[in-house]
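Just dropping this structure here.
The structure displayed is predicted, hence computed values, not measured ones. Convention: sequence-line order gives letters A, B, ...; per-chain numbering from 1.
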Protein chains: 2
Amino acid sequence: MLDMHDTAVTFRSLCAEHGIAVTHQRQVLYETMQGMHGHPSPEEVYAVVKRRLPTISLATVYKNIHLFVESGVFRQLSMHHGTLRVEMNSHPHHHLVCSVCKQIQDCAPEELGLPAYSERLSNGFAVERLSIDVIGLCADCQRRPN
Amino acid sequence: MLDMHDTAVTFRSLCAEHGIAVTHQRQVLYETMQGMHGHPSPEEVYAVVKRRLPTISLATVYKNIHLFVESGVFRQLSMHHGTLRVEMNSHPHHHLVCSVCKQIQDCAPEELGLPAYSERLSNGFAVERLSIDVIGLCADCQRRPN
DNA sequence: TTGTGTGCAAATTATTTGCAGTTAT
DNA sequence: ATAACTGCAAATAATTTGCACACAA
């Protein structure tokens with residue numbers, strides 16, 4: 001387990017790597033998030049970090065979460081949050097989600113290989129279907145200067 | 001290929017099955033969506049359906065898309081859109097997303113079996129990682145009356 | 001000192017809701 | 001006739017942005 005001092009050291013080198021300033025709020029936000037579990041939203045992170053930094057603003061939380069995600073410090077699980085999307089392809093298929101432009105392409109199961117799965121998991125979850133997102137770079141984004 | 005008449009017949013029986021009224025806007029919306037490809041957002045559907053029903057409102061499009069999704073006529077691909085979620089579990093794992101309460105649980109790869117995949121697909125997409133959503137009913141929602 | 005970062009308030013985007021009038025059954 | 005549906009406008013939720021002041025390099 002990392003103690004607070006190690007966490008601070010880790011954080012400093014993370015910031016150095018990505019060329020971002022080490023500010024107090026950024027540091028506390030990072031430590032707070034490290035201590036959280038599950039899949040928190042910015043509002044949830046804000047509620048927790050506010051306990052240690054009562055004057056921090058929600059905007060700062062948003063800005064820094066984006067920064068952390070871009071730097072690869074944390075990962076975003078909602079790759080296509082933001083707006084509802086309806087699936088128009090009724091054949092079984094997976095999705096190729098470009099991590100840069102967020103474009104979503106369909107992909108036949110044969111291209112990836114179908115995972116085996118059981119209908120009911122040991123924790124009681126009853127499986128209806130798998131939704132597989134393949135995250136990566138689309139051909140266009142690989143060749144773009146960016 | 002279904003012609004317009006067959007589509008209308010299909011739609012009527014769909015509505016009958018789900019006990020919803022067959023209205024003109026609902027009918028045209030359905031036909032329009034059937035003709036679309038990819039992963040349209042409500043705004044995109046609205047833009048297209050407006051060409052045939054210039055007075056339709058965006059609210060009606062939203063209401064009916066929800067109705068279609070609930071009835072199983074169309075499927076929603078964005079299972080956790082709405083708000084950004086940060087992944088706090090750094091171990092490789094999948095997600096169990098309950099289709100009723102939308103709760104997201106983590107799940108070890110061993111429970112599902114890992115899909116085999118290649119690093120670069122034939123269309124040039126460079127795979128970084130897989131994000132697998134297992135959609136179904138959580139134990140709680142299975143036993144709830146609802 | 002100089003560019004970044006922060007907090008605040010206003011702006012935007014996505015979506016939902018209340019309501020009065022209209023239509024399907 | 002009656003309940004469900006529609007369009008419109010206002011409300012809400014999620015996120016972003018502009019800006020003046022403060023802090024890190």
Q: Would you please name every residue forming a side-chain hydrogen bond (donor to acceptor under 3.5 Å, both in side chains) with Ser122(A), sequence neighbours left out?
A: Glu111(B)

**Q.** Any pair counted as side chain to side chain donor-acceptor pair (under 3.5 Å), so long as it reaches residues 131-140 of chain B, sequence neighbours left out
**A.** Asp140(B)-Arg143(B)

Q. How many Å lie between CG on Leu84(A) and P on dT16(C), as a whole number?
A. 8 Å

Q) Nearest heavy-atom pair of Ala126(A) and Gln142(B): which atoms, and what distance? A) N-NE2, 3.4 Å

Q.
Using the side-chain contact (heavy atoms from CB on, under 4.5 Å) criterion, which residues pair with Val28(A)? Sequence neighbours excluded.
A. His24(A), Thr32(A), Val49(A), Arg52(A), Leu53(A)

(Q) Measuring from the side chain of His66(B) (C-beta onward, heavy atoms only), which nucleotide among dT15(C), dC8(D), dT16(C) has the closest atom? (A) dT16(C)

Q: In whole angstrom, give the distance that lies between atom OH of Tyr30(A) and atom P of dG5(C).
A: 18 Å

Q) So, for Val61(A) and Tyr46(A), which heavy atoms are closest and what is the spacing to 0.1 Å? A) CG2-CD1, 3.8 Å

Q: Report the residues that fulfil side-chain hydrogen bond (donor to acceptor under 3.5 Å, both in side chains) with Glu87(A), sequence neighbours left out, ordered by chain and then residue number.
A: His93(A), His95(A)

Q: Using modelled atom types only, decide if a donor and an acceptor are shared between the side chain of Arg85(A) and the backbone of His39(B) within a distance under 3.5 Å.
A: yes

Under 3.5 Å, which N/O atoms of the protein pair with N/O atoms of nucleotides 23-25 of chain C?
{"residue": "dT25(C)", "atom": "OP1", "partner": "Val22(B)", "partner atom": "N", "Å": "3.4"}

Q | Nearest-angstrom distance from the residue atom CD of Gln27(A) to C1' of dA24(D) | A | 13 Å

With the criterion being N/O to N/O and under 3.5 Å, what pairs connect the protein with nucleotides 18-22 of chain D, and how long is each?
none

(Q) Please determine whether a side-chain nitrogen or oxygen atom of Gln25(A) lies at a distance below 4.0 Å from atom OP1 or OP2 of dC23(D). (A) no

Q: Round to the nearest Å and state the distance from Glu70(B) atom CD to dT16(C) atom P.
A: 10 Å

**Q.** Between the first and last five pairs of the helix from dT1(C)-dA25(D) to dT25(C)-dA1(D), the angle of the axes, rounded to 10 degrees
**A.** 40°

Q) Among all residues two or more places apart in sequence or in another chain, which pass the salt bridge (Lys or Arg N to Asp or Glu O under 4.0 Å) test with Glu17(B)? A) none

(Q) Measuring from the side chain of Thr83(B) (C-beta onward, heavy atoms only), which nucleotide among dT6(C), dA14(D), dT6(D) has the closest atom? (A) dA14(D)

Q) Under the salt bridge (Lys or Arg N to Asp or Glu O under 4.0 Å) test, which residues partner Glu70(A), sequence neighbours left out? A) none

Q: Heavy atoms only: give me the nearest Cys141(A)-Cys98(A) pair and the separation to one decimal.
A: SG-SG, 3.7 Å

**Q.** OP1 or OP2 of dA4(D) under 4.0 Å from side-chain N/O of Arg26(B)
**A.** no

Q: Report the distance from atom CG of Leu67(B) to atom P of dT6(D), rounded to the nearest whole Å.
A: 9 Å

**Q.** Protein-nucleotide distance (Lys50(A), atom NZ; dC8(C), atom P), rounded to Å
**A.** 8 Å

Q: Residues of residues 38-48 of chain B with any non-hydrogen atom less than 4.0 angstrom from an atom of DNA chain D: list those, numerically ordered, please.
A: none

Q) How many Å lie between CG on Leu29(B) and C1' on dG7(D), as a whole number? A) 15 Å

Only distances under 3.5 Å count here; give the side-chain donor-acceptor pairs of residues 62-69 of chain B to other protein atoms, sequence neighbours excluded, each with its distance to 0.1 Å.
{"residue": "Asn64(B)", "atom": "OD1", "partner": "Arg26(B)", "partner atom": "NE", "Å": "2.8"}
{"residue": "Asn64(B)", "atom": "OD1", "partner": "Arg26(B)", "partner atom": "NH2", "Å": "3.3"}
{"residue": "Asn64(B)", "atom": "ND2", "partner": "Thr60(B)", "partner atom": "O", "Å": "3.0"}

Q.
Of the options dT15(D), dG7(C), dT15(C), whose atoms approach the side-chain atoms of Leu58(A) most closely?
A. dT15(D)

(Q) Between Ser57(A) and dC8(C), is there a contact of a side-chain N or O with OP1 or OP2 at under 4.0 Å? (A) no

Q: Please confirm whether the backbone N or O of Ser71(B) pairs with a side-chain atom of His18(B), one donor and one acceptor, at under 3.5 Å?
A: yes

(Q) Going by the rule side-chain hydrogen bond (donor to acceptor under 3.5 Å, both in side chains), which residues pair with Glu43(A) if we only count those two or more places apart in sequence or in a different chain? (A) none

Q. Does Tyr62(A) make a side-chain N or O approach to OP1 or OP2 of dT15(D) shorter than 4.0 Å?
A. yes

Q) Which pair of non-hydrogen atoms, one from Tyr30(B) and one from Leu14(B), has the smallest distance, and what is that distance? A) OH-CD1, 3.7 Å

